[in-house]
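Heads up, the thing below is written out as structure tokens.
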Amino acid sequence: MQNVMQMEEQEERVKGSRKWDRVIEESKPYILCIFCNVCFAGYNIVSKVALHKGMSRYVLVVYGYAFGTLATALFAFLFERKNESKINVQILRNVFFLGLLGGALGSTLYYMGLEYTSPAFTSAMANMTPSITFILAVLCRMEQFDISKPGTQAKIGGTLAAFAGATLMTLYKGVAVITMHTKSSHQTAGTSKSSTDAEWLKGSLVLIVSYSSFAASYILQTSTIKMYPAPITLTSLTCLSGTLLSTIMAGILDHKASSWKLSWNTLLAPIYCGTVIYGITFYVQTLVVITKGPVFTTAFRPLATIVVAIMGLLILGEAIYLGSVLGAFLIVLGLYATLWGKKKEKEKKSMDHGISQQAIDINLEK
């Protein structure tokens with residue numbers, strides 16, 4: 001009797017362990033996406049500080065991708081040196097365009113928009129990325145689009161809600177809910193902003209092109225990783241491509257030799273961008289893209305807006321207004337709706353697959 005009870009307890013422990021492992025495995029993409037967006041929030045702050053101190057946007061892209069190439073090449077040598085995947089002309093072509101879309105074009109325009117606006121505004125504009133990625137994924141037939149299905153309706157509604165939340169955070173302030181500034185400093189900040197409306201408009205247009213370029217790179221990354229299933233090596237090759245292309249761009253658009261000098265005040269930005277963003281974050285995003293696809297990966301971008309607002313309060317002393325709180329609520333609601341839609345589509349696909357398998361088994365029995 002005692003042996004039977006011990007066996008039952010052991011079976012329960014095994015089942016509990018398997019259930020816990022399954023929960024961890026299912027939660028991993030969500031945790032990785034949240035981690036990436038915390039990194040992106042820091043990326044906005046660090047880059048803005050470097051640009052404010054006079055660092056050239058073109059040179060920042062070059063140094064960032066150069067550091068990213070070194071970091072990822074080291075990890076690729078340690079963990080993927082036994083990789084047997086062959087590099088062909090098609091993969092090299094895709095790597096070239098990944099470096100162009102995400103590096104030379106996307107990152108340069110991003111820094112330009114950040115220079116003209118602010119970290120919070122730039123992060124809010126980043127919430128266009130899921131919408132653009134979803135449209136491109138539908139056009140490339142990577143995502144199902146059947147307006148009659150609840151999953152598709154939820155993804156469309158979630159994308160629009162997140163975008164509306166980001167727009168609300170950008171256009172409407174309202175009363176200050178949390179502030180670390182005095183009244184006079186608020187007035188100074190408001191005067192500074194109103195005097196640069198033309199630059200903010202220019203920065204907004206540049207950011208739209210930048211995030212469209214990033215969205216296209218996510219789509220291309222999804223197809224490339226299927227042809228070359230070595231995420232660290234692919235990230236390293238993309239960083240190398242971005243380094244070469246951005247160097248050519250910097251040589252054409254920035255002729256000053258003094259722009260290439262690094263000081264202790266500007267060294268943090270390229271190291272952070274290269275190792276944390278272009279290296280670690282791009283690699284982590286590649287892992288999520290493999291399992292969940294580009295739409296799932298970019299759906300978490302609105303979280304960076306919330307993190308930037310909090311970091312702006314704690315680090316830069318920027319106030320959090322009622323519009324930011326309401327916008328953050330819409331962003332979280334939109335994120336939940338998008339992820340729920342993805343989950344419903346996955347359940348529907350699994351159920352259809354199960355029904356098809358049962359039909360095959362019945363036919364075989366006959």
Side-chain angles (χ1 to χ4, degrees), residues 24-48 61 64-65 67-68 71-72 75 79 98 101-103 106-107 110-111 114 119-120 122-134 137 158-159 162 165-166 207 210-211 213-222 224-225 231-232 234-236 238-239 242 269-312 328 331-332 334-336 338-339 342:
I24 293 176
E25 190 65 28
E26 291 178 354
S27 304
K28 191 182 297 184
Y30 298 87
I31 296 172
L32 292 177
C33 285
I34 293 172
F35 166 76
C36 286
N37 284 280
V38 172
C39 293
F40 279 127
Y43 176 50
N44 288 345
I45 302 294
V46 170
S47 301
K48 180 65 176 180
V61 175
Y65 272 95
F67 279 115
T72 52
F75 285 116
F79 300 107
L98 283 171
L101 294 171
S107 296
Y110 165 82
Y111 288 136
L114 180 62
T122 303
S123 183
M125 290 290 288
N127 296 291
M128 297 182 63
T129 309
S131 306
I132 300 171
T133 306
F134 178 68
T159 300
L207 287 171
S210 172
Y211 291 129
S213 181
F214 283 132
S217 70
Y218 288 127
I219 299 297
L220 183 60
Q221 184 185 49
T222 304
T224 307
I225 195 64
I232 305 179
L234 180 60
T235 304
S236 182
T238 301
C239 287
I271 292 177
Y272 184 92
C273 297
T275 56
V276 178
I277 301 300
Y278 303 147
I280 298 173
T281 304
F282 281 14
Y283 166 65
V284 170
Q285 283 186 330
T286 304
L287 294 180
V288 179
V289 163
I290 293 172
T291 56
K292 293 293 186 178
V295 175
F296 179 93
T297 306
T298 56
F300 284 81
R301 285 306 295 267
L303 290 179
T305 304
I306 302 173
V307 178
V308 167
I310 296 172
M311 292 179 69
I331 286 170
V332 173
L335 173 61
Y336 176 80
T338 303
L339 296 178
K342 292 287 292 182

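Note that the structure is predicted; figures quoted are calculated from it, not measured.
Pairing each heavy atom of T275 with each of A71, the nearest pair is CG2-CB, 4.2 Å. The shortest non-hydrogen separation linking P29 to V288 is O-CG2, 4.3 Å.
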Quiz prompt | Check against side chain to side chain contact (heavy atoms under 4.5 Å, CB included), F214 and Y110 | solution = CA-CA 10 Å; F214 283 132; Y110 165 82; 4.2 Å; yes
Quiz item: Going through the checks in order, is the side chain to side chain contact (heavy atoms under 4.5 Å, CB included) test met by C39 and I280?
Solution: CA-CA 9 Å; C39 293; I280 298 173; over 6 Å; no
Exercise. Dump the intermediate steps for side chain to side chain contact (heavy atoms under 4.5 Å, CB included) on V276 and Y43, then the final yes or no.
Key: CA-CA 9 Å; V276 178; Y43 176 50; over 6 Å; no
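L220 pairs with exactly one of L98, I225, T238 by the side chain to side chain contact (heavy atoms under 4.5 Å, CB included) rule, that one being L98.
Distance check: I219 CD1 to L101 CG gives 11.5 Å after rounding to the nearest 0.5 Å. Here T281 contributes atom OG1 and N37 contributes atom CG; the two are 9.0 Å apart, rounded to the nearest 0.5 Å. In this structure, OG in S107 is found 11.5 Å from CG in L114, a value given to the nearest 0.5 Å. A distance of 12.0 Å separates CG of L207 from OG of S213, quoted to the nearest 0.5 Å. The line from CG of L234 to CD of Q221 is 6.5 Å long, rounded to the nearest 0.5 Å.
Partners of S236 under the side-chain hydrogen bond (donor to acceptor under 3.5 Å, both in side chains) rule, at least two apart in sequence or in another chain, are T72.
Between F40 and F35, every side-chain heavy-atom pair lies at or beyond the 4.5 Å cut-off. Between F67 and C273, every side-chain heavy-atom pair lies at or beyond the 4.5 Å cut-off.
With hydrogens and angles ignored, the 3.5 Å screen pairs no side-chain donor or acceptor of Y272 with any backbone N or O of G64. Here the side chain of S47 pairs no donor or acceptor atom with the backbone of N44 at under 3.5 angstrom.
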